[in-house]
Amino acid sequence: MENGESVNRRRKRMGDDTTGENQIQARLIIPDFLSLQECKELEFIHRSCSTVGYRPNVFSTTLSHLIATNSPQLIIPFLSIRDRLKEKVEEFFGCEYELSVEFTGLISWTRGASIGWHTDDNRPYLKQRHFTVSMRLLLLCFSICSILWSLLAVFLICFLLLSKAVCYLNTYGQDFKGGLFHFRDGHPNTVVPTAGAVSIYTADDRNVHSVDEILEGERLTLAMWFSRDSAHDEDTKLISLLSSNMPCSSSKVSEELLLPKPASSNMYWFCPDQEQNEESGFDICCARIYVAGFDVYSTEEELSCSDFSELLQQPLQLARSNVLFEQEFTNVLHALQAVQFYLWKGTTPEDSEGVRKRKISLLSELEQGKVASMKSMFVKDNELANKMFRDDKCCLHEFDWAEFTVSVDELERYSRRLQKELVMSLPHWKTQQIIYKATL
Ligand SMILES: O=C(O)CCC(=O)C(=O)O
Ligand SMILES: [Fe+2]
């Protein structure tokens, strides 16, 4: 828990004192660091944009991926959280204004995902540096003993890669089962993920940790890495990506609504068994739409298996219980965003004033057949998709197309607001080479 220690003591605990009890205290757990609203907004972004992740049964959404898939405005909700977290980490470790954010990403773990005891200092570039320094040392004075070498390695880790912060965006027992976090040594021993709490810890062996297997549901976190080495600052890379993806001089960007563009289809294809990639598994965007009770309908005349992954890049409609919603979405990501926004926000009756009406119609038998064949194309294993993504809490309230219509319009307003903020912030970010929540 947070305490009133002085910065100097914290600094000592962080790097200068590597023995004794202090050695295992390089961690901080803060409950309620994020508001529930912030957690829900990041959940919306993840469920709308994630791709299959870096470990089995893990899904991720990085900021660079948001930019690359034409959704740069969705980095805006991360900014104030990122700023606050960085400040907290710097304050706790006594290194104000010294840290760079090396990575920001949303990461969800589903059924079957787990990780055994490990430390987080295994970044490939750090190994590279250790190796380079080690060769030089060997050439210069190869009689240096291994204890000195280990001390140097510890120093490099403390100096370059400082720490990780994990914000829990949903709650153990409520949103998922399993997935408890454990530190091997010291206190607290076990962290029970609760929406809004953050866990900050050094990346070295003072914080050997593990995560229990997820038994049910989707455990969602915001993970951030911090480093003292500005060569690995993600802001510089993100600003250059933003500049090439959306030149802020263009007035088009401020007028035209940015709509998501899917990345390559294999980034969305989840398969539990690598061997039978085509035959099992599912497209995660479609699966998230289906588990929310919607269907996907293609406006293409013929559904051909040869270009089946392209179908999802084309305009699509949503349906539900054999009722087709008139509006076309640009592609599957756009349709998914509309579904997830509706699940996040819901609507209140007064919202519906001034809403442009959209028609709904009953699906013909032929159209029902098309809906069914799309489902079998994109979700080979329906049971698995339900086990991975189904969230019963989302299906509790009664569905109403009028409410959905309100929500689709509201999504457009939300995206425009974020887009405006992005366009106004980008010149400041470019000048300062840092991404932050600008007061505009
Ligand atoms: O999600 C967590 O609580 C930590 C995950 C972790 O240890 C890792 O990805 O290295
Ligand atoms: Fe870890």
Side-chain angles (χ1 to χ4, degrees), residues 1 24 26-34 38-39 42-43 45-47 50-63 65 78 81-82 85 88-89 93 101-127 157-158 160-227 232 234 388:
M1 295 297 135
I24 50 171
R27 69 184 67 139
L28 173 69
I29 320 292
I30 312 172
D32 304 321
F33 187 79
L34 303 186
E38 286 174 315
C39 296
L42 296 186
E43 181 179 74
I45 294 173
H46 184 69
R47 290 185 171 181
S50 65
T51 62
V52 291
Y54 61 105
R55 296 174 62 81
N57 304 354
V58 168
F59 302 88
S60 72
T61 309
T62 62
L63 298 190
H65 177 77
F78 288 81
I81 300 172
R82 227 166 152 260
L85 259 180
K88 181 52 79 180
V89 172
F93 292 130
V101 178
E102 192 220 22
F103 171 84
T104 309
L106 297 169
I107 299 179
S108 71
W109 296 48
T110 58
R111 243 170 97 98
S114 69
I115 188 166
W117 295 125
H118 70 285
T119 55
D120 287 341
D121 57 11
N122 50 1
R123 306 295 257 195
Y125 70 84
L126 273 179
K127 287 215 173 86
I157 288 164
C158 289
L160 294 174
L161 180 64
L162 196 69
S163 63
K164 185 177 185 183
V166 179
C167 291
Y168 301 107
L169 301 178
N170 60 7
T171 299
Y172 168 83
Q174 212 171 290
D175 302 298
F176 59 89
K177 300 212 168 98
L180 289 175
F181 178 96
H182 306 284
F183 287 112
R184 194 185 60 189
D185 316 296
H187 293 285
N189 197 256
T190 293
V191 179
V192 180
T194 312
V198 62
S199 183
I200 295 168
Y201 48 94
T202 58
D204 57 16
D205 60 9
R206 287 174 290 177
N207 283 308
V208 177
H209 59 278
S210 68
V211 179
D212 289 347
E213 184 176 331
I214 313 302
L215 303 173
E216 213 181 289
E218 188 171 8
R219 175 189 190 271
L220 178 61
T221 59
L222 166 71
M224 281 183 70
W225 295 83
F226 299 93
S227 165
H232 298 280
E234 77 169 346
M388 306 273 293

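Every number for a ligand or one of its atoms is a count from 1 in the order of the listing.
Close N/O approach between T221 and ligand 1 is not found [any backbone or side-chain N/O within under 3.5 Å].
Taking every non-hydrogen atom of Y54 and a distance limit under 4.0 Å, the qualifying atoms of ligand 1 come out as 9 (O). Set against the non-hydrogen atoms of W109, the atoms of ligand 1 under 4.0 Å away are 5 (C), 9 (O). In the vicinity of Y168, heavy-atom distances shorter than 4.0 Å reach the ligand 1 atoms 3 (O). Using a 4.0 Å cut-off to heavy atoms of H118, the atoms of ligand 1 that qualify are 6 (C), 7 (O), 8 (C), 10 (O).
Ligand 1 does not have W117 within reach: every non-hydrogen atom of the residue lies 4.0 Å or more from it.
Taking the Fe ion (ligand 2) as reference, H209 places its N/O/S atom NE2 nearest. Taking the Fe ion (ligand 2) as reference, H118 places its N/O/S atom NE2 nearest. The atom of D120 nearest to the Fe ion (ligand 2) is OD1, with the search restricted to N, O or S atoms.
The protein heavy atom nearest to atom 7 (O) of ligand 1 is H209 NE2, 3.0 Å. Regarding atom 6 (C) of ligand 1, its nearest protein heavy-atom neighbour is K164 NZ, 3.6 Å. If you check which protein heavy atom lies closest to atom 3 (O) of ligand 1, you get R219 NH2, 2.9 Å.
Taking the six-membered ring where tryptophan is involved, the planes of F183 and H209 are perpendicular, since the angle between them exceeds 60° and thus also 30°.
With a 4.0 Å cut-off on non-hydrogen atoms, V191 does not touch ligand 1 at all.
Between I107 and V58 the shortest heavy-atom distance is CG2-CG1, 3.7 Å. The two residues T119 and V208 make their nearest non-hydrogen contact at CG2-CG2, 3.8 Å. When all heavy atoms of L222 and L42 are compared, the pair lying nearest together is CD2-CD1, 4.1 Å.
The main-chain N or O of S114 is found under 3.5 Å from a side-chain atom of R55 such that the two form a donor-acceptor pair. The backbone N or O of W225 sits nowhere less than 3.5 Å from a side-chain atom of S227 that would complete a donor-acceptor pair.
Shown are R219, E43, E218; of these, the side-chain hydrogen bond (donor to acceptor under 3.5 Å, both in side chains) with S108 is made only by E218.
Side chains of H46 and T61: a donor-acceptor N/O pair is present below 3.5 angstrom, by distance only.
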